[in-house]
Protein chains: 2
Amino acid sequence: MDEDIKQSLKLFIVLSRAHKAITEQTNQFFQASGVNPTEFAVLELLYHKGKQPLQKIGGKILLASGSITYVIDKLEKRGYITRVNSPSDRRITYAEISESGKEFMAEIFPEHEKKLHELTEALSSEEKDQAIELMKKLGLSIKDLSY
Amino acid sequence: MDEDIKQSLKLFIVLSRAHKAITEQTNQFFQASGVNPTEFAVLELLYHKGKQPLQKIGGKILLASGSITYVIDKLEKRGYITRVNSPSDRRITYAEISESGKEFMAEIFPEHEKKLHELTEALSSEEKDQAIELMKKLGLSIKDLSY
DNA sequence: TATTGTTATACTCTATAACTATA
DNA sequence: TATAGTTATAGAGTATAACAATA
């Protein structure tokens, strides 16, 4: 039992280190591309899932409404997204990725993927499948616990 | 090859989610205990490895020297650590955990471990060993890459 | 000259609360 | 009344640069 607890701590430590090692690299890449991780997350959402109400973006990225306004303002000033009014409910504003934003993502997203591929090449394809299963199981179980 | 790239992206996503799910819980625990993750990291270092030069702490936790001063000031004000001069090199200041800091860690560290154990109980002991091996391999390989 | 730690300063990100407008 | 988004404000945390003390 005591060994089990140490094992769980160990898992947390190696998981954290692996995550940190990867995100240090990706964040550096984001920064070199002129966006921060939050902005990239918003752009990725809009790029892959289409336009979204600001409220919903806040829900996915876990940001308060005032903070969303701030992030969306920045992306809009940079020309990567536009605000679009909802015709059916005039309280709602959508954020939609612009042509310029699409070009930006079309350029950096494949690089991001490629970088991730290189960063994880220590694992074979089989090991990655194993790791995916284990991390999925772990992540999902905790999401369930948090209610 | 294209599938391999998608697989790597998938691994990054599930790894990030699992990590986020866990750290959300641990950070909440830290906050309830009155410290932030950085402060906990410093305390843990001093608790388990003994006193350290401020410079070295900054290296481990990845903080600039000015930021270290800020963090150490906070912990010192709370009475969890003390500054100790080095007799051999008068430029150096050690941070050392105080009795009060030890008591604090003696109380919360086992809780932290227990919490981690509960959070990871979706995985069997064998699965955890697998996950530990995979994450270790991944994390170490990236550290090697970053030189 | 180089290194350690401090000070002063500024910036980024996020949260909170009060507000407007719409429903 | 409740919801969506904005504005104004504040705070935490971090970085940078200039500095003093020491090596």
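Chain letters run A, B, ... following the sequence lines, proteins first and then strands; every chain starts at 1. Nothing here was measured: the structure is a model prediction, and the numbers come from that model.
B:Gln55 has no side-chain polar atom (N or O) that falls below the 4.0 Å cut-off from OP1 or OP2 of C:dT3. OP1 or OP2 of D:dA4 has not a single side-chain nitrogen or oxygen of A:Arg91 nearer than 4.0 Å. Contact check, B:Lys74 against D:dG13: a side-chain N or O comes under 4.0 Å of OP1 or OP2. Put simply, A:Arg83 has a side-chain N or O that comes within less than 4.0 Å of OP1 or OP2 on D:dT6. An OP1 or OP2 oxygen of C:dT14 is reached within less than 4.0 angstrom by a side-chain nitrogen or oxygen of A:Thr38. Contact between the side-chain N/O atoms of A:Tyr70 and the OP1/OP2 oxygens of C:dC13 is found at a separation under 4.0 Å.
A:Gln7 and B:Asp129 share a donor-acceptor pair across their side chains, judged by distance under 3.5 Å alone. For the residue pair B:Lys115 / B:Thr26, no side-chain donor-acceptor distance below 3.5 Å is found, with atom types taken as modelled.
As a whole-Å value, the separation of B:Ile61 CD1 from D:dG13 P is 14 Å. To the nearest angstrom, C1' of D:dA21 lies 11 Å from CG of B:Asp89. Between the CD atom of A:Gln31 and the C1' atom of D:dT14 there is a distance of 12 Å, given to the nearest Å. Atom-to-atom, CG of A:Asn36 to C1' of C:dT14 comes out at 12 Å; the value is rounded to the nearest Å.
Among the atoms of the strands shown, only primed sugar atoms or phosphate atoms (P, OP1, OP2) are found under 4.0 Å from some heavy atom of B:Thr93. If you check every strand for non-hydrogen atoms under 4.0 Å, B:Ser67 touches a base. Residue A:Ile68 is out of contact with every strand shown, counting any heavy-atom pair closer than 4.0 Å. Contact annotation for B:Lys56: no contact, since no heavy-atom pair falls under 4.0 Å across all strands.
The heavy-atom pair separating B:His117 from A:Ser8 by the smallest distance is ND1-OG, 2.6 Å. The two residues A:Ala95 and A:Leu46 make their nearest non-hydrogen contact at O-CD2, 3.5 Å.
If you take CG on B:Leu116 and CD1 on A:Ile13, they are separated by 8.5 Å, rounding to the nearest 0.5 Å.
Nearer to the 5' terminus of DNA chain C, by closest-nucleotide assignment, is the contact made by B:Ser65 (compared with the other of A:Ser65 and B:Ser65).
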